[in-house]
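This report concerns only the one structure given below.
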2 protein chains.
Amino acid sequence: MTDVKTPINPLFLREEELRQGIELLFFAYRDFTAEPDAILAAYGFGRAHHRVIYFVGRNPGMTVSDLLAILRITKQSLSRVLGQLVDEGFITQRPGVHDRRQRLLELTEKGTELERQLTERQRARFARAYREAGAEAVEGFRKVMLGLIDEADRSRFPSRGPGWLRQARVASERPVAGHL
Amino acid sequence: MTDVKTPINPLFLREEELRQGIELLFFAYRDFTAEPDAILAAYGFGRAHHRVIYFVGRNPGMTVSDLLAILRITKQSLSRVLGQLVDEGFITQRPGVHDRRQRLLELTEKGTELERQLTERQRARFARAYREAGAEAVEGFRKVMLGLIDEADRSRFPSRGPGWLRQARVASERPVAGHL
DNA sequence: GTCTTTACGTCAGTCATGTTGACATATATC
DNA sequence: GATATATGTCAACATGACTGACGTAAAGAC
């Protein structure tokens, strides 16, 4: 078991570290989605519905185009899922104020309730992980995750200098669809 | 824009932080899988094939049960994907030594080549993110990600005290299927 | 040495979610 | 008035998950 003759190889270190990153992401995502999936099944919904509910809840008044840009799926794929959510009274559409071709999306009361129920589990998972890891680790987590995301979408995550909180609060209260 | 009358609300801070975590994970996973998906399409394969190739490559000699435990899918789902990979010469099966009911899985030369090609992009993405974020951030990333993963699977990631490298190296060279 | 359990495979049907391609409608913009 | 944009819709198809039922070979228990 003791292998004294194995020299330390920096290339191996790197390879092992990178593979661990890949696997951490796989397992974290697998477990992260499992709980909401179970809840959704009771409504006859799937993960795609969750994504729509989540982002509409996070960004009330967003357009269909905004949503498509986030999800990176075709409008036909979105249409089926979004249509169901509208038909079943979880999401409302209203024409845009400046551009009446747009359909601005919002959660209904019912939709808000489901969103809360679904996201609660995921928030709890993050709360636990953050608490166990500590504030410094959370900063590192943010940095690495941001580096994994395509340049184009990093601007969705405001950098956290002084005043970060006020900006985040304003962004949350009055989401700018064009920015999404 | 300046809103002096907004008091700082720690509950909001928490909520915002947790939602950012959720979104970081969504966007990172979305972008992380996009590149390999494009390569796989050329072979007529999908993401499921990638997962099988990845974990078999990482753990040569693993059993079908091991793989099912990692992927958390049914044997019927795995069967189709694994069957294709065996038929097309990317993976070989041989009976277990101690238990001949088992089918020990290994990549062929062809499989190893595809695995390299696929994982290369993901390794590159992590290498960039790690480099940009720095060693300390990587430690924080690891901690948080581990906290997100179900207790049952955390043991897949050896803790990195002194000597972790040797352990990791040994683990990589002689993977213990029962541990996966 | 039978009996039961385990590891794995297979057939059949279904569902969720993605794709492409073509076409339609209303509104905005030049 | 012509063109571009935002959105929707119909149709066909692929992937990857699911359930349920059944089969086979080998291991382990009594």
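So you know, we letter chains A, B, ... as the sequences are listed, proteins then strands, and number each from 1. These values consider heavy atoms only, across backbone and side chains, with no hydrogens, waters or symmetry-generated copies. Nothing here was measured: the structure is a model prediction, and the numbers come from that model.
The CG-P distance, from A:Leu68 to D:dG8, rounds to 9 Å in whole Å. Distance, A:Leu78 CG to D:dT7 P: 10 Å, rounded to whole Å. Atom C1' of nucleotide C:dT6 and atom CZ of B:Arg103 are separated by 14 Å, given to the nearest angstrom. Taking atom CZ of B:Arg80 as the reference point, atom C1' of D:dT15 lies 7 Å away to the nearest angstrom. The NE2-P distance, from A:His50 to C:dT17, rounds to 12 Å in whole Å. One can place CD of A:Gln84 at 8 Å from P of C:dT17, the figure rounded to the nearest angstrom. Between A:Asp99 atom CG and D:dT7 atom C1' the separation is 10 Å, expressed in whole Å. Atom CG in B:Asp87 sits roughly 12 Å away from atom P in C:dG9 (whole-Å rounding).
Minimum atom distance to the side chain of B:Ser65 is reached by C:dA7, of the listed C:dA7, D:dA21, D:dC10. The listed nucleotides are C:dT19, C:dC8, C:dC11; the one nearest the side chain of B:Val64 is C:dC8. Checking D:dT7, C:dT10, C:dT5 against every side-chain atom of B:Lys75, the shortest atom distance belongs to C:dT10. Listed candidates were C:dT20, D:dG8, D:dA21. Nearest to the side chain of A:Gln93 is D:dG8. When each of C:dA12, D:dT7, D:dA17 is scored by its nearest atom to the side-chain atoms of B:Arg51, the top-ranked nucleotide is D:dA17. Closest to the B:Gln76 side chain, of the nucleotides C:dT17, D:dA11, D:dC18, is D:dC18. When distances run from any side-chain atom of A:Ser77 to the nucleotides D:dT19, D:dA6, C:dG18, the shortest one goes to C:dG18.
When each of A:Thr74 and A:Arg100 is assigned the nucleotide of DNA chain C bearing its nearest heavy atom, the one mapping closer to the 5' terminus is A:Thr74. Comparing A:His98 and A:Gly46 by the nucleotide of DNA chain C whose heavy atom lies nearest to each, the residue mapping closer to the 5' end is A:Gly46.
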Could you walk me through whether A:Phe27 and B:Phe157 pass the ring pair (Phe, Tyr, Trp, His ring centres under 6.0 Å) test, one step at a time? CA-CA 11 Å; A:Phe27 286 108; B:Phe157 299 90; 5.8 Å; yes
Let me see the working for B:Asp150 and B:Arg72 under salt bridge (charged side-chain N to carboxylate O under 4.0 Å, His left out), right down to the final yes or no. CA-CA 13 Å; B:Asp150 285 351; B:Arg72 297 224 184 131; 3.6 Å; yes
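Within the structure, a side-chain polar atom (N or O) of B:His49 is placed less than 4.0 Å from OP1 or OP2 of D:dG16.
A donor and an acceptor atom, one from each side chain of A:Gln122 and A:Tyr54, are nowhere located under 3.5 Å apart. For the residue pair A:Tyr43 and A:Glu88, no side-chain donor N or O sits within less than 3.5 Å of a side-chain acceptor on the partner.
Judged by distance alone with a 3.5 Å cut-off, no donor-acceptor contact links the side chain of A:Arg101 to the base of D:dT7.
Residues A:Phe141 and B:Leu24 have side chains in contact (heavy-atom distance under 4.5 Å, counting atoms from C-beta outward).
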